[in-house]
Amino acid sequence: MQAHKNMKAYCVKDLLKGDLLLQEISIKGWVRTFRSNRFVALNDGSTIHNIQCVVDFENTSEETLKRITTGAALHIKGTLVESSGKGQKVEIQVAELDILGDAHPDEYPIQPKKHSLEFLREKAHLRTRTNTFGAVMRVRSALSFAVHQYFHSNGFNYVNTPIITGSDAEGAGEMFRVTTLDAQKPPLDESGSINYKEDFFGKETNLTVSGQLEAEAYAMSLGKVYTFGPTFRAENSNTSRHLAEFWMIEPEVAFMDLDGNMDLAEDFIKYVVGYVLEHCTDDLEFLEKRLLDEEKSKPQAERSEMTLTEKLRFVVDNNFMRVSYTEAIDILKNSKPNKKKKFQYPIDEWGADLQSEHERYLVEKHFKCPVILFDYPAKIKAFYMRLNDDGKTVRAMDILFPGIGEIVGGSQREERYDVLLEKVRTMGIDEKELWWYLDLRKYGTAVHSGFGLGFERLVLFATGMTNIRDVIPFPRTPQNAEF
Ligand code: 4AD
Ligand code: MG
């Protein structure tokens with residue numbers, strides 16, 4: 001067979017549109033299945049769908065046919081024709097087939113059968129070769145594009161805040177230390193403590209838990225900004241909602257109060273979820289079926305009443321319920337599970353921190369829609385939140401989602417120098433570390449607000465997956481940093 005020279009390289013997604021019929025094309029991808037020594041289902045990651053390639057087995061050597069196995073990389077040249085078979089409109093009549101890379105069936109772990117998500121987690125470098133992970137990661141990519149699109153079309157500037165930091169933004173002390181000191185023999189000062197003056201930065205530094213504090217500096221000059229970057233938390237929570245390394249989106253806006261912040265968060269979430277509904281139809285269709293299958297193994301009472309698309313549509317079409325912390329506590333106090341002592345952490349008084357069981361009760365059982373809780377007790381929230389006139393609550397807001405719990409945490413920031421300084425002192429935070437943050441309140445201070453949205457929790461919601469380890473390419477969790 002003659003080499004087809006000026007043949008154009010396409011991706012599967014383009015070919016399946018069907019408008020290139022009878023053209024000679026070239027395509028590269030990986031074998032998903034090979035049937036009857038004739039039909040290759042080829043996938044190249046551009047879509048969840050495969051293209052069928054029909055091999056002329058009489059003119060293909062036995063040796064080559066044997067090497068067409070699941071996972072092998074192929075280069076195929078041929079003609080796009082109408083398919084007479086069921087399940088596809090077009091197929092490729094193969095003229096030339098090159099094996100670019102073998103995947104020996106005795107060794108290659110991703111075979112065309114159902115693998116458990118747990119098994120695939122251990123093969124994270126190969127798991128995107130499955131339909132489920134291909135779909136999840138394409139949706140993740142689309143969501144990330146939608147995030148930038150939303151902010152750019154609304155006049156926000158994208159800011160890259162530092163990953164190595166000297167301050168603990170959340171004051172929770174759950175940070176990973178960054179150091180070049182010798183762990184065996186660190187230099188000590190006179191009192192016998194580690195002498196960080198000799199460390200790389202001349203002080204103690206950590207991986208950031210949030211870009212908020214630096215974003216505030218930029219909001220107080222560029223007006224509307226957002227960050228979208230990796231954040232790190234050394235909290236030892238081995239749950240399906242926590243990662244040690246996750247991506248956070250943090251808008252910060254000058255002259256905006258808490259009501260504006262809630263409006264922004266709601267509008268933003270509706271936009272990005274709507275974007276996925278509009279642009280990821282094939283992947284959503286697959287993920288919806290996957291979820292239905294998964295739900296079949298659950299007891300009837302725990303099954304969701306809505307399909308994945310219905311859940312996403314619901315978020316786009318309905319207002320989020322806005323409820324104060326005080327109202328929420330009343331609801332929880334009088335709730336059935338609280339009275340029947342079904343909560344692991346019973347709610348008996350105002351001031352209690354809400355656990356995920358409470359958040360999920362409010363969202364899934366009581367309101368049955370996304371909920372924005374606001375005006376939390378100052379005691380359970382970070383130092384930078386604006387104190388209300390009652391002296392005991394702060395202008396905080398958390399957005400709670402069905403199946404997820406907290407997806408957003410945000411607040412109006414304390415813009416009054418004296419009040420902020422007082423708070424820093426009573427919370428025992430080193431004010432010297434925050435000199436520049438306090439400066440923002442000395443020079444041209446103004447009302448401002450922002451929030452942080454955990455990107456992986458958003459991807460969880462949009463894909464209907466249930467474990468956060470399955471929506472980030474290479475998850476970092478306690479005892480796990482493989483790959
Ligand atoms: O509520 P958090 O801790 O808020 C902040 O960090 C603020 N500085 C944000 C701001 O106002 N700019 O975290 C924000 C969100 C949470 O609502 C949750 O979605 C996500 O980040 N998140 C995590 N996601 C995955 N794994 C973890 N360990 C997470 N911790 C928080
Ligand atoms: Mg929070």
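Along the sequence shown, residues carry numbers from 1. Just follow the structure's listing: the first ligand is 1, and inside any ligand the first atom is 1.
Residues satisfying the ring pair (Phe, Tyr, Trp, His ring centres under 6.0 Å) criterion with Phe367, sequence neighbours excluded, are absent altogether.
Under 2.8 Å from the Mg ion (ligand 2) lies an N/O/S atom of Glu406, whether from backbone or side chain.
Residues Asp390 and Thr393 bring a donor and an acceptor atom of their side chains to less than 3.5 Å of each other.
Between Lys342 and Glu357 there is no salt bridge, since no side-chain nitrogen of the basic residue lies less than 4.0 Å from a carboxylate oxygen of the acidic one. For the pair Lys185 and Asp182, the salt-bridge criterion is not met [side-chain N within less than 4.0 Å of a carboxylate O]. A salt bridge does not link Lys298 with Glu302: none of the charged nitrogens is closer than 4.0 Å to a carboxylate oxygen. Using a 4.0 Å cut-off between charged side-chain N and carboxylate O, Lys28 and Asp44 make no salt bridge.
When heavy-atom distances to ligand 1 are checked against 4.0 Å, the residues falling inside are Glu170, Ser210, Gln212, Arg233, Glu235, Arg241, His242, Leu243, Phe246, Met248, Glu250, Tyr384, Glu406, Ile407, Val408, Gly409, Gly410, Arg413, Gly450, Phe451, Gly452, Gly454, Arg457, Ile468, ordered by chain and number.
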